[in-house]
Amino acid sequence: MSYPGYPPLAGGYPPQPGAYPPQPGAYPPQPGAYPPQAGGYPPQPSGYPPQPGAYPPQAGGYPSQAGGFPLQAGSYPQAPPPGSWGGGPSGGYPSVGFDMSNSGYNPGMPGGPMPQHQGPSMAYPGQPSQPMPGYPKAPSPNPSMPGYGGAPAPMPGYPKVPSPNLSMPGHGGGAMPVAPQIHKGFRGTIKDFPGADPLKDVEVLRKAMKGFGTDEQAIIDLLGSRSNKQRVPLLRAYKTSYGKDLIKDLHSELSGDFRKLVMAMLKTPFEFDAYELNTAIKGAGTDEACLIEILSSRSNAEIKEINRIYKQEYKKTLENAISGDTSGHFRRLLISLTQGNRDEREHVDISLAKQDAQALYAAGENKLGTDESKFNAILCARSKPHLRAVFLEYQTMCGRDIEKSISREMSGDLESGMLAVVKCIKNTPAYFAERLYKAMKGAGTNDKTLIRIMVSRSEVDLLDIRKEYVKNYRKSLYTDISGDTSGDYKKLLLKLCGGSD
């Protein structure tokens, strides 16, 4: 079907000189926008349905172009004011950037094309939106126009799917805000080095150790710029190229804390954790703080992998090793953590959080003596988001922070263990920042703790740890490492630190 003055041309109506004369049933002048009017041109089977990609995004609406269709007396109303969709002194719509042969492009007005059957509601930017009836469920024609007409940016996935809410306010009048999913992203300081080649890397290491003396700077530059998954394959690549053991060669060439740091960086995260746990247990005395630090900060999957590696490397289970080296409620706490069975759901049930807070209060502050088993059951089994809610409820209920209650009710290794679990659950980066601060403050440095945290968190959350360090101790982690260490050891630690704050 065609209308007088509108020849049925395939692929859209090309611009005609002199514009279209006024037609019966034309659109009467409307303020602001062109809503559908009775007597206008209804959609016809022979019309051009909206197609995806019909209108590419244009910044700031359609600017006026020389050569547009001049307005005719008695024809359609003047275009909107400059700056709005189609605005401009000449009132013409440009053909620049538009494919006039696209069947979704439907010129229908003198002075320029009029969109037909577009989104659920269309309006000129800055004008109240007008719903368009008969909108077909097709993708939006404006794929990447953020904040169309002053509205918020489109939701994720838009425009590849139709609008999920056909009754939402039009884009011209402000789209309904959609909270995007928050992706925290990578918070480590060491990233994959682009284009790293293990065979070339081991050549650099071999050259650094060959002959008289060792080029420590070459070793620092290479290992300090490779991620763990790029460092570990160097062991096999070195043996493939030279028939020698990289660990043994480095061990013989290096010394002191620098050597310990390099050895730590050439283990996988799980191998390193298993090694540190074994070192903390064996020999005279036990490094209880190391046991708690690792077991309270790792996920279920990580703890299960640490258990597997430990059994493989040391021919006994981690649980048996801990049982033979600790005792009492502290042993129970560690064995609970080695199960890797903490609830990891994100959902928080406030009523259950209140019950748990009451149970902790009844087991500690509100009774003579302390029921350590109740603390153990709640702190080792509940999810971290749930426990954060429990700690808030606890403080509201008895007016005292859970950490202060633990310090009042417990002592020795159990107290420090429970406190470490609570701190790690409340704020893991702040917990590690405190561990680093204590490792360096005062006379001497706890290099074992310093190396362990810098290596194990460099690809996890060291950027967050640095932030907490500055916030809590009024100086950067970089500054404290610089002042507390020296030589090649300091240089490689600062590479892992990644910069000052």
Side-chain angles (χ1 to χ4, degrees), residues 185-279 294 298-299 301-302 304-306 308-314 447-448 450-463 481 487-499:
F186 183 75
R187 301 297 297 157
T189 53
I190 300 291
K191 300 179 182 178
D192 288 345
F193 186 82
D197 181 346
L199 293 175
K200 288 182 181 175
D201 286 351
V202 296
E203 195 178 326
V204 171
L205 292 174
R206 177 67 181 150
K207 189 179 174 185
M209 294 184 283
K210 195 176 175 184
F212 182 74
T214 305
D215 184 356
E216 287 89 354
Q217 190 60 49
I219 296 171
I220 291 166
D221 290 341
L222 191 137
L223 294 181
S225 60
R226 302 293 187 272
S227 66
N228 183 267
K229 70 179 182 182
Q230 292 174 327
R231 295 192 301 262
V232 172
L234 299 180
L235 305 183
R236 180 169 289 182
Y238 192 85
K239 195 168 278 188
T240 301
S241 295
Y242 306 109
K244 300 185 76 178
D245 190 303
L246 178 60
I247 295 294
K248 286 181 180 175
D249 279 5
L250 285 168
H251 198 275
S252 66
E253 293 289 333
L254 310 177
S255 62
D257 291 321
F258 179 51
R259 178 169 67 191
K260 290 176 187 172
L261 177 55
V262 168
M263 296 296 118
M265 291 175 71
L266 290 171
K267 291 179 171 68
T268 69
F270 304 120
E271 287 170 352
F272 185 46
D273 282 345
Y275 169 80
E276 288 290 296
L277 289 168
N278 184 61
T279 308
I294 292 173
R298 305 311 193 245
S299 68
E302 288 167 340
K304 285 182 170 67
E305 185 62 14
I306 291 166
R308 188 187 71 77
I309 297 283
Y310 195 95
K311 176 88 180 285
Q312 176 185 300
E313 292 291 322
Y314 306 108
D447 294 291
K448 194 160 184 52
L450 182 57
I451 290 170
R452 182 174 59 250
I453 295 174
M454 294 302 291
V455 172
S456 65
R457 308 312 288 187
S458 62
E459 294 179 44
V460 182
D461 56 359
L462 193 49
L463 288 176
I481 290 172
D488 298 320
Y489 174 51
K490 174 172 90 171
K491 290 177 188 175
L492 188 48
L493 279 175
L494 293 179
K495 274 266 191 183
L496 290 175
C497 186

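Note that NZ of Lys244 is 4.0 Å distant from CG of Asp249, once rounded to the nearest 0.5 Å. Note that CD1 of Ile247 and NZ of Lys267 are 6.0 Å apart. Values are rounded to the nearest 0.5 Å. Here Thr279 contributes atom OG1 and Lys448 contributes atom NZ; the two are 4.5 Å apart, rounded to the nearest 0.5 Å. One distance of note links OG1 of Thr189 with CG of Leu494; it measures 11.0 Å at 0.5 Å rounding. Note that the CD1 atom of Ile451 and the CD1 atom of Ile453 stand 11.5 Å from one another [nearest 0.5 Å]. Taking CD of Glu459 as the start and CZ of Phe186 as the end, the distance is 5.5 Å to the nearest 0.5 Å.
The closest side-chain heavy-atom distance from Glu276 to Val455 is not below 4.5 Å. Contact annotation: the side chain of Arg298 approaches that of Ser456 to within less than 4.5 Å [non-hydrogen atoms, C-beta and beyond]. Annotation: side chain of Asp488 is not in contact with side chain of Leu254 (no heavy-atom distance under 4.5 Å). Side-chain contact between Lys239 and Leu246 is absent, with no heavy-atom pair separated by less than 4.5 Å.
Closest heavy-atom contact between Glu203 and Tyr242: CA-OH, 3.3 Å. The two atoms that bring Asn228 and Met265 nearest to each other are ND2-O, 3.9 Å, heavy atoms only. For the pair Val232 and Leu266, the tightest heavy-atom approach, listed with the atom from each and the gap, is CG2-O, 4.0 Å. The heavy-atom pair separating Leu492 from Val262 by the smallest distance is CD2-CG2, 3.8 Å. The nearest pair of heavy atoms linking Gln230 to Ala196 is NE2-CB, 3.6 Å.
In terms of the side-chain contact (heavy atoms from CB on, under 4.5 Å) criterion, Ser255 has no residue partners (sequence neighbours excluded). For Glu305, the side-chain hydrogen bond (donor to acceptor under 3.5 Å, both in side chains) test picks out Arg308, with sequence neighbours left out. Checked against side-chain hydrogen bond (donor to acceptor under 3.5 Å, both in side chains), Glu313 has no partners two or more places apart in sequence or in another chain. The side-chain contact (heavy atoms from CB on, under 4.5 Å) test applied to Asp257 returns Lys260, Asp447, Tyr489, not counting sequence neighbours. When the side-chain hydrogen bond (donor to acceptor under 3.5 Å, both in side chains) test is applied to Lys495, no partner is found at least two apart in sequence or on another chain.
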Ignoring hydrogens and angles, write down the donor-acceptor pairs under 3.5 Å from the side chains of residues 211-219, residues two or more places apart or on other chains.
residue, atom, partner, partner atom, Å
Thr214, OG1, Glu253, OE1, 2.4
Asp215, OD1, Gln217, N, 3.4
Asp215, OD1, Ala218, N, 3.2
Gln217, OE1, Lys491, NZ, 3.3
Gln217, NE2, Asp221, OD1, 2.9

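Shown here is Glu271, whose CD atom has more than 12 heavy atoms of other residues, nucleotides or ligands within 6.0 Å. By the 6.0 Å contact criterion, NZ on Lys311 is open, its count of non-hydrogen atoms from other residues, nucleotides or ligands being 12 or less.
A distance-only check finds no donor-acceptor pair linking the side chain of Arg457 to the backbone of Leu462 [under 3.5 Å]. Here the side chain of Ser241 pairs no donor or acceptor atom with the backbone of Tyr238 at under 3.5 angstrom.
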Run the side-chain contact (heavy atoms from CB on, under 4.5 Å) check on Leu234 and Leu223 step by step: do they pass?
CA-CA 10 Å; Leu234 299 180; Leu223 294 181; 4.1 Å; yes

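The aromatic rings of Phe272 and Tyr275 sit parallel, their planes meeting at an angle under 30°, below the 60° perpendicular limit.
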